[in-house]
*Asks:* 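My questions all concern the structure below.
Here is the naming used below: chain letters follow the sequence lines, and residue numbers restart at 1 for every chain. Here the structure is a predicted model, which means the values were calculated and not measured.
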Amino acid sequence: MAPIVAITNLKDHVGEEVTLQGWVYHKTGKGKLVFLQMRDGTGICQAVVFKGNVSEAEFEAATALTQESSLIVTGLVKAEARAPGIPGGYEVDVRTVQVRQIADAYPISPKEHGIEFLMQNRHLWLRSSRQWATMRVRAVIMQAIREWLDGNGFLNVDTPIITPAAAEGTSTLFEIDYHGEPAYLAQTGQLYNEADIFAFGKVYCFGPTFRAEKSKTRRHLQEFWMVEPEIAFCDLEQLMEIEEQFVSHIVQRCLRDCAAELKVLERDLTHLQKVAPPFPRLHYDDAVNMINAAAQKGELVPGYPDPVPPIEWGDDFGSPHETYLAAQFEKPVLVHHYPTQVKAFYMEPEADRPEVCRSVDLLAPEGYGEIIGGSERMSDPEKLIASIQAHQLPQEIYQWYVDLRRYGSVVHSGFGLGLERTVMWVCGLDHVRETIAFPRTLTNMRP
RNA sequence: UCCUUGGUAGCUCAAUUGGCAGAGCAUUCGGCUGUUAACCGAAGGGUUGUUGGUUCGAGUCCAACCCGAGGAGCCA
């Protein structure tokens, strides 16, 4: 039998006879011709079955194929400009057809479908080309994340998923039974990361995190993946430099390796191509002024019919504020020095202005908004204890965390990048639920 | 949790003032040697989300409930 070739590699086999194994993505007939669009997981190519080139039984079998039927064909690879597919431009002139299974009537057609139907059929929807492209970009982003961190002296030290207490509020935790004791699914690995840097210098954890928030928006999942780097001897300014290098690497790697996928997604690449250091920095004070100036002028939130609402200094940004800010820049923007009051207890206040803290969020352009949250951490044990008390958190639980500041404390910083939001931005999608194979949303965990 | 909005064939949708339940795609059968979500002809396919109410008569009006979608708050 001719060698088995992946559709993505067909261009290297023009003029050769090859074997393809896959599924019928689409079929049209024309009397003595059957045009199959065949899918093998690496791409889609047209396979042409001409009655004169195969046995009568094989032609009948080809005629009987339904969408998603599984089959193995052999045939001659031709360059053919008319041939559709991913990447397209090549087709297989079929010589033999082996049908593995004739698929039952497949519910997902090439026509339009509603999101409810598609989510109920997520196990099948993953086969569709846009979903295929998105999941492949996700995998490349994960590779790029590890590649950059591993190549820049970070050690991957993973943090526990089962934890006894929350880093942030307790209302958004999934509780589980740890042999009779209540335990929670982790919302972040950050506190453990801070322990790890004192052993390894620069570390990161990368895995799923869980938030039982009652959020029903295009930007939220109950279970999502986050990569959290943490760095010893690193202040806020150095952290921002790391973030812009890191994010630029991820985007450039996708542009290099995901051209076919981004084309399927019809992604406009002009903004992505500009993602390179340095990123603009925006102080919270200036962000507030920008928002209020826009509110005064009655500007609309990009993509929405509503005007930009005004904001009072000291409040956290609402969703419309963030969308507005993120749309004002061509590159990702680093918004720093948020009010201490709206941020977590462990963030370092600015020395000569304690009402703001040394925190930074990275907002993706084109209105995509926050994909990174990070800060310089409090490094003085007494200040940290005071902050824990001020936030009315149980001191015993954070004893070990305070301990880190007693044995060689240093200035240190870290951040968390949300994988699904990053995939959403790179792919140009309008909802995070398409960025993970089986999303867990507020109201749905099936399939 | 709140606001807005929707649920009719496998899917996407239509059905005038309350008056016989409709189309395209998909499926099955027939035709066609270059189709690109092909085209032409034929057939099958319905407890109109659920329960109750008003009415001679309800997909349509009323009430409650169920399940989605968009947005807010909160966040990555």
*Asks:* So what does A:Gly369 hit on the nucleic acid, given a heavy-atom distance under 4.0 Å: a base, only sugar-phosphate, or nothing?
*Replies:*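 Here A:Gly369 touches no strand at all.
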*Asks:* What about A:Lys214, does its side chain sit under 3.5 Å from the base of B:G73 through a donor-acceptor pair?
*Replies:*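 Side chain to base: no pair present.
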*Asks:* Does B:G71 have its OP1 or OP2 closer than 4.0 Å to a side-chain nitrogen or oxygen of A:Tyr304?
*Replies:*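 Answer is yes, contact under 4.0 Å.
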*Asks:* Could you tell me which nucleotide pairs with B:G22 by Watson-Crick or G-U wobble geometry, both distances under 3.5 Å, or answer none if nothing does?
*Replies:*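 B:G22 is paired with B:C13.
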*Asks:* Using side chain to side chain donor-acceptor pair (under 3.5 Å) as the criterion, point out the one residue from A:Thr19, A:Thr74, A:Asn53 that pairs with A:Thr96.
*Replies:*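 By the side chain to side chain donor-acceptor pair (under 3.5 Å) criterion, A:Thr96 pairs with just one of A:Thr19, A:Thr74, A:Asn53: A:Thr74.
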*Asks:* For B:G7 versus B:A43, give the span between their C1' atoms, rounded off to a whole number of Å.
*Replies:*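 To the nearest whole Å, 29 Å.
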*Asks:* Taking atom C1' in both B:G18 and B:U54, what distance in whole Å separates the two?
*Replies:*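 Those two atoms are separated by 11 Å.
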*Asks:* If you go through the side-chain atoms of A:His220, does one of them form a donor-acceptor pair with the base of B:C75 closer than 3.5 Å?
*Replies:*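 Yes, the side chain and the base share a sub-3.5 Å donor-acceptor pair.
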*Asks:* Let me know the distance between NE2 of A:His431 and P of B:G68, rounded to the nearest Å.
*Replies:*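 It is 13 Å, rounded to the nearest whole Å.
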*Asks:* With a 3.5 Å cut-off and heavy atoms only, can you find an N or O donor on one side and an acceptor on the other between the side chain of A:Arg421 and the base of B:C75?
*Replies:*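 Donor-acceptor pair under 3.5 Å: yes.
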*Asks:* Is there side-chain contact between A:Trp23 and A:Leu71, with heavy atoms separated by less than 4.5 Å?
*Replies:*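 A:Trp23 vs A:Leu71: side chains apart.
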*Asks:* What's the gap between B:G70 and B:U27 when it is taken at their C1' atoms, as a whole Å value?
*Replies:*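 That atom pair is separated by 34 Å.
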*Asks:* What distance, rounded to whole Å, do you find between the two C1' atoms, one in B:G57 and one in B:U17?
*Replies:*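 Rounded to whole Å, the distance is 14 Å.
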*Asks:* Starting at CD of A:Gln67 and ending at P of B:G10, how long is that distance when rounded to a whole Å?
*Replies:*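 Those two atoms, CD and P, are 17 Å apart.
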*Asks:* Once you apply a heavy-atom cut-off of 4.0 Å, does A:Lys216 come out as touching a base, just sugar-phosphate, or nothing?
*Replies:*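 Base, at least one base heavy atom under 4.0 Å.
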*Asks:* Separation of A:Ile372 atom CD1 from B:C75 atom P, in whole Å?
*Replies:*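 Atom CD1 in A:Ile372 sits about 18 Å away from atom P in B:C75.
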*Asks:* Kindly point out which of B:G70, B:G10, B:U33 is positioned nearest to the side chain of A:Phe50?
*Replies:*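 Closest of the options to the side chain of A:Phe50: B:U33.
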*Asks:* What's the CD-P distance between A:Glu420 and B:A76, to the nearest Å?
*Replies:*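 In whole Å, B:A76 P lies 14 Å from A:Glu420 CD.
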*Asks:* Could you check whether A:Leu419 gets within reach of a base, just the sugar-phosphate, or nothing at all, counting any heavy atom under 4.0 Å?
*Replies:*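 No contact.
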*Asks:* Could you tell me whether A:Glu299 and A:Lys297 make a salt bridge, using a distance below 4.0 angstrom between a side-chain N and a carboxylate O?
*Replies:*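 Yes, A:Glu299 and A:Lys297 are salt-bridged.
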*Asks:* Using only side-chain N and O atoms of A:Ser319, determine if any of them is under 4.0 Å from OP1 or OP2 of B:A72.
*Replies:*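 Affirmative; the distance criterion is met.
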*Asks:* Using centres under 5.5 Å plus planes under 30 degrees as the test, is A:Phe35 stacked with B:G34?
*Replies:*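 It does not: the two rings, one from A:Phe35 and one from B:G34, miss the stacking criterion.
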*Asks:* If you measure from the Lys or Arg side-chain nitrogens to the Asp or Glu carboxylate oxygens, is any gap between A:Glu68 and A:Arg127 under 4.0 Å?
*Replies:*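 Salt bridge present between A:Glu68 and A:Arg127.
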*Asks:* Classify the nucleic acid contact of A:Asp316 as base, sugar-phosphate or nothing, counting any heavy atom under 4.0 Å across all strands shown.
*Replies:*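 It contacts sugar-phosphate atoms only.
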*Asks:* Taking the same atom, C1', in B:U55 and in B:C61, what whole-Å distance lies between them?
*Replies:*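 B:U55 and B:C61 have their C1' atoms separated by 10 Å.
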*Asks:* Round to a whole Å and report the spacing from NZ of A:Lys111 to P of B:C13.
*Replies:*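 Going from A:Lys111 (NZ) to B:C13 (P), I get 13 Å.
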*Asks:* Just how far, in rounded Å, is C1' of B:A76 from CG of A:Leu363?
*Replies:*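 That distance rounds to 12 Å.
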*Asks:* Quick check: any donor-acceptor pair below 3.5 Å linking the side-chain of A:Glu112 to the base of B:G24?
*Replies:*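 There is none.
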*Asks:* In the strands shown, is B:A43 matched to any nucleotide by a Watson-Crick or G-U wobble pair with both distances under 3.5 Å, and which?
*Replies:*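 The answer is B:U27, by the H-bond criterion.
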*Asks:* For a quick test of reading the model: is some side-chain N or O of A:Lys30 closer than 4.0 Å to OP1 or OP2 of B:U35?
*Replies:*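 Checking A:Lys30 against B:U35: no side-chain N or O falls below 4.0 Å of OP1 or OP2.
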*Asks:* Between B:A76 atom P and A:Glu243 atom CD, what is the distance in whole Å?
*Replies:*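 Answer to the nearest Å: 12 Å.
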*Asks:* Select one nucleotide: of B:G34, B:U33, B:A76, the one nearest the side-chain heavy atoms of A:Val48.
*Replies:*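 Nearest to the side chain of A:Val48 among the choices is B:G34.
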*Asks:* When the distance from CG of A:Asn121 to P of B:A26 is rounded to whole Å, what number comes out?
*Replies:*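 Rounded to whole Å, this separation is 18 Å.
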*Asks:* So what does A:Gln120 hit on the nucleic acid, given a heavy-atom distance under 4.0 Å: a base, only sugar-phosphate, or nothing?
*Replies:*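 If one applies the 4.0 Å heavy-atom cut-off, A:Gln120 turns out to touch nothing in the nucleic acid.
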*Asks:* NA contact type, A:Ile371, heavy-atom cut-off 4.0 Å: base, sugar-phosphate, or nothing?
*Replies:*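 Counting heavy atoms under 4.0 Å across all strands, the contact made by A:Ile371 is with sugar-phosphate only.
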*Asks:* B:G70, OP1 or OP2 - any side-chain N/O from A:Arg433 closer than 4.0 Å?
*Replies:*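 Affirmative; the distance criterion is met.
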*Asks:* Any donor-acceptor pair under 3.5 Å linking the side-chain atoms of A:His412 with those of A:Glu376?
*Replies:*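 A:His412 and A:Glu376 do not have a side-chain donor-acceptor pair below 3.5 Å.
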*Asks:* Among B:A76, B:A37, B:G68, find the nucleotide with the atom closest to the side chain of A:Glu116.
*Replies:*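 The nucleotide sitting nearest to the side chain is B:G68.
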*Asks:* Could you please name the partner base of B:C2, counting Watson-Crick and G-U wobble pairs only when both distances are under 3.5 Å?
*Replies:*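 Checking every strand shown, B:C2 finds its partner in B:G71, with both distances under 3.5 Å.
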*Asks:* Starting at the 5' end of RNA chain B, which residue's closest nucleotide do you reach first, A:Trp225 or A:Asn444?
*Replies:*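 Taking each residue's closest nucleotide, the earlier one in sequence belongs to A:Asn444.
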*Asks:* What contact category does A:Thr66 fall into here, base, sugar-phosphate, or nothing, at under 4.0 angstrom with non-hydrogen atoms?
*Replies:*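 Answer is sugar-phosphate: A:Thr66 comes under 4.0 Å of backbone atoms only.
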*Asks:* Of the options B:G73, B:C75, B:G34, whose atoms approach the side-chain atoms of A:Arg211 most closely?
*Replies:*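 Closest nucleotide to the A:Arg211 side chain: B:C75.
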*Asks:* Taking atom C1' in both B:U50 and B:C67, what distance in whole Å separates the two?
*Replies:*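 About 10 Å, rounded to a whole number of Å.
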*Asks:* What's the gap between B:U47 and B:G10 when it is taken at their P atoms, as a whole Å value?
*Replies:*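 Per the computed distance, 8 Å lies between those P atoms.
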*Asks:* With A:Arg219 as reference, evaluate A:Glu420, A:His431, A:Arg421 under the side-chain contact (heavy atoms from CB on, under 4.5 Å) test and give the passing residue.
*Replies:*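 That would be A:Arg421.
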*Asks:* Is the closest side-chain donor-acceptor distance between A:Thr172 and A:Gln187 under 3.5 Å?
*Replies:*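 Per modelled atom types, A:Thr172 and A:Gln187 side chains form a pair under 3.5 Å.
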*Asks:* What is the nucleic acid contact for A:Gly114, judged by heavy atoms within less than 4.0 Å: base, sugar-phosphate only, or nothing?
*Replies:*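 Touches sugar-phosphate only.
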*Asks:* Once hydrogens and angles are ignored, does a donor-acceptor distance under 3.5 Å link the base of B:U35 to the side chain of A:Gln46?
*Replies:*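 Pair found.
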*Asks:* Judged by modelled atom types alone, do A:Tyr368 and A:Asp430 share a side-chain donor-acceptor pair under 3.5 Å?
*Replies:*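 Per modelled atom types, A:Tyr368 and A:Asp430 side chains form no pair under 3.5 Å.
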*Asks:* Which base, if any, makes a Watson-Crick or G-U wobble pair with B:A37, both distances under 3.5 Å?
*Replies:*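 Base-paired to nothing in any strand shown.
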*Asks:* Students often get this wrong, so: under 4.0 angstrom with heavy atoms, is A:Thr422 touching a base, only sugar-phosphate, or nothing?
*Replies:*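 No contact.
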*Asks:* Hey, does the side-chain of A:Ser215 have a donor or acceptor N/O within less than 3.5 Å of a partner on the base of B:C74?
*Replies:*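 Donor-acceptor pair under 3.5 Å: yes.
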*Asks:* Using Watson-Crick or G-U wobble geometry with both distances below 3.5 Å, tell me the partner of B:U51, or none.
*Replies:*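 With both distances under 3.5 Å, B:U51 matches B:A63.
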*Asks:* When rounded to the nearest 0.5 angstrom, what distance separates CH2 in A:Trp425 from CZ in A:Arg267?
*Replies:*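 Rounded to the nearest 0.5 Å, the CH2-CZ separation comes out at 8.5 Å.
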*Asks:* So what does A:Phe117 hit on the nucleic acid, given a heavy-atom distance under 4.0 Å: a base, only sugar-phosphate, or nothing?
*Replies:*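 If one applies the 4.0 Å heavy-atom cut-off, A:Phe117 turns out to touch the sugar-phosphate alone, with no base involved.
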*Asks:* Sticking with atom P, work out how far B:C66 lies from B:C74, rounded to a whole angstrom.
*Replies:*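 Comparing P positions in B:C66 and B:C74 gives a spacing of 27 Å.
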*Asks:* Please classify the nucleic acid contact of A:Glu322 as base, sugar-phosphate, or nothing, using heavy-atom distances under 4.0 Å.
*Replies:*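 Base: the residue A:Glu322, judged by heavy atoms under 4.0 Å, touches a nucleobase.
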*Asks:* Looking only at side chains, do A:Gln46 and A:Arg82 share a donor and an acceptor under 3.5 Å apart?
*Replies:*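 Per modelled atom types, A:Gln46 and A:Arg82 side chains form no pair under 3.5 Å.
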